[in-house]
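The structure appears below as structure tokens.
As the structure is a prediction and not an experimental result, all values here were calculated from the model.
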Amino acid sequence: MSTEIAELVGRAGPYLTAAVAAYGTGALTPVERAAVETTADIGRRMLTAAWHHRDERGRADLVAAVADAAAEPDDEDASAALRQQVKRALREDEELRRELTALLPRQENRGVTVTASGPRSIAAGGNIGVAITGDGHTAPER
């Protein structure tokens, strides 16, 4: 189960960071407008869900972690402390795990397989820009 939680927190990390960067400490405050499915809004919804699933002390710890991460958005330690608070909440609450998993976009392709076949072939899993194959050149005859 700890592997599952670590993977979930790893996937959620960018959303949490984006929420804190966009909303600061307001990431834990309900928003009046309809939430747009942006990275920051998904992260805000995750933080709000985590807050609702915590007891009074857990809420205070989460609020402190959000405040630290908002005050220093480039501080990796503050971001890690925030992720640790979310991880603690996930360990203690299976319902929260399901809720946060449902908020994350689906991972359709967990891995990409690319095969190169033929002389001077290039294999790439996405747009790599310019690829020079050396076409027009041949190996010296032996």
Side-chain angles (χ1 to χ4, degrees), residues 1-140:
M1 181 178 318
S2 64
T3 303
E4 174 189 343
I5 291 171
E7 182 181 327
L8 177 56
V9 171
R11 288 183 55 210
Y15 296 94
L16 301 172
T17 301
V20 171
Y23 298 107
T25 56
L28 291 171
T29 309
V31 180
E32 291 298 320
R33 63 176 176 73
V36 179
E37 291 298 313
T38 66
T39 300
D41 287 322
I42 292 170
R44 182 194 56 77
R45 290 169 58 198
M46 289 177 166
L47 288 169
T48 302
W51 187 84
H52 283 292
H53 283 262
R54 304 297 287 155
D55 60 15
E56 188 174 330
R57 180 182 170 112
R59 288 177 178 178
D61 291 344
L62 182 60
V63 168
V66 168
D68 289 346
E72 298 186 57
D74 295 329
D75 184 349
E76 183 57 34
D77 291 336
S79 294
L82 175 58
R83 288 190 307 272
Q84 184 63 34
Q85 286 299 318
V86 172
K87 187 184 293 185
R88 183 171 291 128
L90 289 167
R91 279 189 199 125
E92 297 170 2
D93 192 325
E94 188 173 330
E95 182 181 334
L96 179 62
R97 286 195 300 275
R98 285 192 300 272
E99 198 172 324
L100 265 59
T101 299
L103 288 172
L104 286 168
R106 295 184 143 234
Q107 286 185 313
E108 297 299 325
N109 294 327
R110 291 195 146 209
V112 175
T113 301
V114 180
T115 303
S117 177
R120 297 186 310 277
S121 295
I122 295 176
N127 184 355
I128 60 169
V130 176
I132 300 172
T133 63
D135 287 342
H137 297 283
T138 58

Minimum heavy-atom separation for Ser79 to Thr17, with atom names? OG-OG1, 4.3 Å

Just jot down the side chain to side chain donor-acceptor pair (under 3.5 Å) partners of Gln84, sequence neighbours excluded, or say none. none

Please assess Leu104 against Leu100 for the test side chain to side chain contact (heavy atoms under 4.5 Å, CB included), listing each intermediate value before the final yes or no. CA-CA 7 Å; Leu104 286 168; Leu100 265 59; 6.0 Å; no

Please evaluate residues Arg97 and Glu94 with respect to the criterion salt bridge (charged side-chain N to carboxylate O under 4.0 Å, His left out), reporting the C-alpha separation (whole Å), side-chain torsions for both, the decisive distance (0.1 Å), and the verdict. CA-CA 5 Å; Arg97 286 195 300 275; Glu94 188 173 330; 3.7 Å; yes

Answer yes or no: is there a side-chain heavy-atom contact under 4.5 Å between His53 and Glu92? no

Less than 4.5 Å apart, side chain to side chain, heavy atoms only: is that true for Leu47 and Leu16? yes

Heavy-atom nearest pair, Ile5 first then Lys87, reads CG2-CG, 3.6 Å

Shortest non-hydrogen pair, Ala18 vs Ala40, comes out as O-CB, 3.6 Å

Test salt bridge (charged side-chain N to carboxylate O under 4.0 Å, His left out) applied to Arg83 - qualifying residues, sequence neighbours left out: Glu76

Can you name the nearest heavy-atom pair linking Ala89 to Leu96, along with the distance? CB-CD2, 3.6 Å

Considering non-hydrogen atoms only, spot the tightest contact between Tyr15 and Met46 and give its length. CB-SD, 4.0 Å

Where Arg59 and His52 come nearest, the two heavy atoms and their spacing: NH2-O, 3.5 Å

Evaluate the side chain to side chain contact (heavy atoms under 4.5 Å, CB included) criterion for residues Arg44 and Thr48: first the C-alpha distance (whole Å), next the side-chain angles of each, then the deciding distance (0.1 Å), finally the verdict. CA-CA 6 Å; Arg44 182 194 56 77; Thr48 302; 4.1 Å; yes

